[in-house]
Amino acid sequence: MTIEDVLKQKFGYDSFRPGQQETIHSLLKGRDTLSMMPTGTGKSLCYQLPAYLMDGVTVIVSPLLSLMQDQVDQLKAGGEKRVIALNSFLQYEEKTRALLHLQHYKFIFLSPEMLQVQPIIQAIQRLTISLFVVDEAHCISQWGYDFRPDYGLLGDVRRKLNEPLTLALTATADEKVREDIKRQLCLTDPKELVFSVNRPNISMKAERMEDPLQKQKKLVELVRFFKKPGIVYFSGRKAAEEAVMLLKLNGVKKAAFYHGGMEAGDRLLIQHQFLNGELDVVCATSAFGMGINKEDVRFVIHYHMPSQMEAYLQEIGRAGRDGHPSIAVIFYVHGDERLHEFIAQSELPSCDQIKQAATQHQSLDQVEPPLTDIQKRFLEHYTKQAVLEGKRAESYILQVREHLLAKKAEKRSQMKEWIDSDECRRAGYMRFFNEEPSGQQQCCDRCGIDLAVYKENDQGNKPVKNLDWRGRLNNLLPGL
DNA sequence: CGCGGCTGTCTTACGACAGCCGCGGTGCTGTAAT
């Protein structure tokens, strides 16, 4: 079977989208590949199609349970039964049974954490792996050093699996991050396919404000003005919740918040309502993002500055996947970056905590003030690392801490420089990704844009076709 | 660390402000006890 046959038969397409063919060809030649393709251009086809032309199992490392679930559902909907997500959703018995019959699956999805569980990695080691995929590979660089250290161990996992053919997929990674991905995965001489990060249909605007009150007013004004649906990003959970109140008080009824502190069920509900067009606006933290594949998001507003350019681009990249004109607006007041500075510091153990942990020779539980889960894991991870490299744990960990904080500080200042800069916004971010800027219409506030293009055009006289879930629930149980 | 919001005080009015307190993101897994 040729590639085109599989494309037609298994996926029902006649032609490839940009980047897919190149990625697949590279893999079929047996070459490790790092592919950076814009969001929403069908990254999953890049591993699903070659999987059908190869004999063994395809193992996919995915950062989120919900993302795995979506991919599994999608494959099953396409008629593929030999697919499983090995994660904590499985009951003990299901897991045991799955591990016994692993060789019968074609696609196995799991988290980097799962690959550190002995029985799991041992079962995977017994398989013939034709392709090892790291989806959302920028997580290696973004999370692998502190938040989710198991992302930093994927190179080791590859070695344990006898260095299978590997595909790393991402939508946003600058040159340093791409280097980091290749190094951490121990890819020698991979093919690197980098497609433009430019999204010409998204115009950009940054607004400097005097005080937070001005932000609130502007938020209400813009959300009411813009064509919907849209997403508003905040750096804190509470701010996101309060903004929903504010918007509702000001006539934006179909608004909801979303953040990591919510029950999984509530999160899923909001996500589905948004995807089904039952919500006009979601006010969210950075938790809202991966796996949100909605075509017609018309605007993305940043109420606070994100912590780095890559995060910003990923977040605005959720607008305009359908190619229609969309807009990204970022608010900035002096001092917005301080929150990220604080968060970065408090995520890691303090110097004093590191010293205590090194000198106590006892349980990490006795450190004062008590360590968070993430801090504890950080200490455990780098203590092991220090031993491996034959270095003294305390000074090694202190060094790592300084290095990571400096790296994050630089990312923050890049973000701030971009906001403060007088030049074309697009030119600014494309240079960040080593691309040549290209002039275009409706580019950014520096080049001049007509906001009316993004205006809600109907006058709010939309017939109510579908009641949202609250409406339906209210019909069933009035007065709830 | 620094901001926003609340409280209490001084004042002698339909308020002003000092000072204090609380708050601040991203997710996996496993295990124990019901």
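Within every chain, numbering begins at 1; the chains are lettered A, B, ... in the order of the sequence lines, protein sequences first and strands thereafter.
- The C1' atoms of dC14(B) and dG19(B) are separated by 24 Å, rounded to the nearest whole Å.
- Residue Leu339(A) contributes atom CG, which lies 7 Å from atom P of dG25(B) at whole-angstrom precision.
- When Lys416(A), His302(A), Lys215(A) are each tested for a side-chain hydrogen bond (donor to acceptor under 3.5 Å, both in side chains) with Asp336(A), only one passes: Lys215(A).
- For His304(A) and Phe331(A), the ring centers sit 6.0 Å or farther from each other.
- Atom C1' of nucleotide dG4(B) and atom CZ of Arg338(A) are separated by 15 Å, given to the nearest angstrom.
- At most 12 heavy atoms of other shown residues, nucleotides or ligands fall within 6.0 angstrom of atom NZ in Lys384(A).
- With both pairing distances under 3.5 Å, dC20(B) is matched to dG5(B) as a Watson-Crick or G-U wobble pair.
- Evaluation of the side chain to side chain donor-acceptor pair (under 3.5 Å) rule for Arg158(A) yields Thr166(A) as partners, not counting sequence neighbours.
- When the P atom is used for both dT26(B) and dG30(B), the distance is 23 Å, rounded to whole Å.
- With a 3.5 Å ceiling on both atom-pair distances, dC14(B) lacks any Watson-Crick or G-U wobble partner.
- To the nearest whole angstrom, the two C1' atoms, one in dC28(B) and one in dG24(B), are 22 Å apart.
- Taking atom P in both dT29(B) and dA33(B), the straight-line distance is 22 Å, to the nearest Å.
- To the nearest whole angstrom, the two C1' atoms, one in dT11(B) and one in dG15(B), are 9 Å apart.
- Nucleotide dT31(B) has no partner under the Watson-Crick or G-U criteria, as no pair reaches both atom distances under 3.5 Å.
- Nearest heavy atoms, Gln375(A) versus Pro349(A): CG-N, 3.7 Å.
- For Tyr233(A) and Tyr312(A), the distance between ring centers is not under 6.0 angstrom.
- Nucleotides dG22(B) and dG27(B) place their P atoms 27 Å apart, quoted to the nearest Å.
- Here the C1' atom of nucleotide dG24(B) and the NE2 atom of His304(A) are 10 Å apart, to the nearest Å.
- Residue Ser235(A) is classed as a sugar-phosphate contact, given heavy-atom separations below 4.0 Å to backbone atoms only.
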Between the protein and nucleotides 26-30 of chain B, list the N/O to N/O atom pairs that are separated by less than 3.5 angstrom.
from, atom 1, to, atom 2, distance (Å)
dT26(B), OP1, Gly260(A), N, 3.0
dT26(B), OP1, Thr285(A), OG1, 2.1
dT26(B), OP2, Arg237(A), NE, 3.0
dT26(B), OP2, Arg237(A), NH2, 2.8
dT26(B), O2, Trp143(A), NE1, 2.8
dT26(B), O4, Glu347(A), OE2, 2.4
dG27(B), OP1, Arg267(A), NH2, 3.0
dG27(B), N1, Arg377(A), NH1, 3.3
dG27(B), N1, Arg377(A), NH2, 3.1
dG27(B), N2, Arg377(A), NH1, 2.9
dG27(B), N2, Arg377(A), NH2, 3.2
dC28(B), OP1, Leu65(A), N, 2.5
dC28(B), O3', Ser111(A), OG, 3.2
dT29(B), OP1, Ser111(A), OG, 3.4
dT29(B), OP2, Ser88(A), OG, 2.6

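- Judged as a side chain to side chain donor-acceptor pair (under 3.5 Å), and not counting sequence neighbours, the contacts of Ser196(A) are Glu435(A).
- The P atoms of dG4(B) and dG25(B) are separated by 16 Å, rounded to the nearest whole Å.
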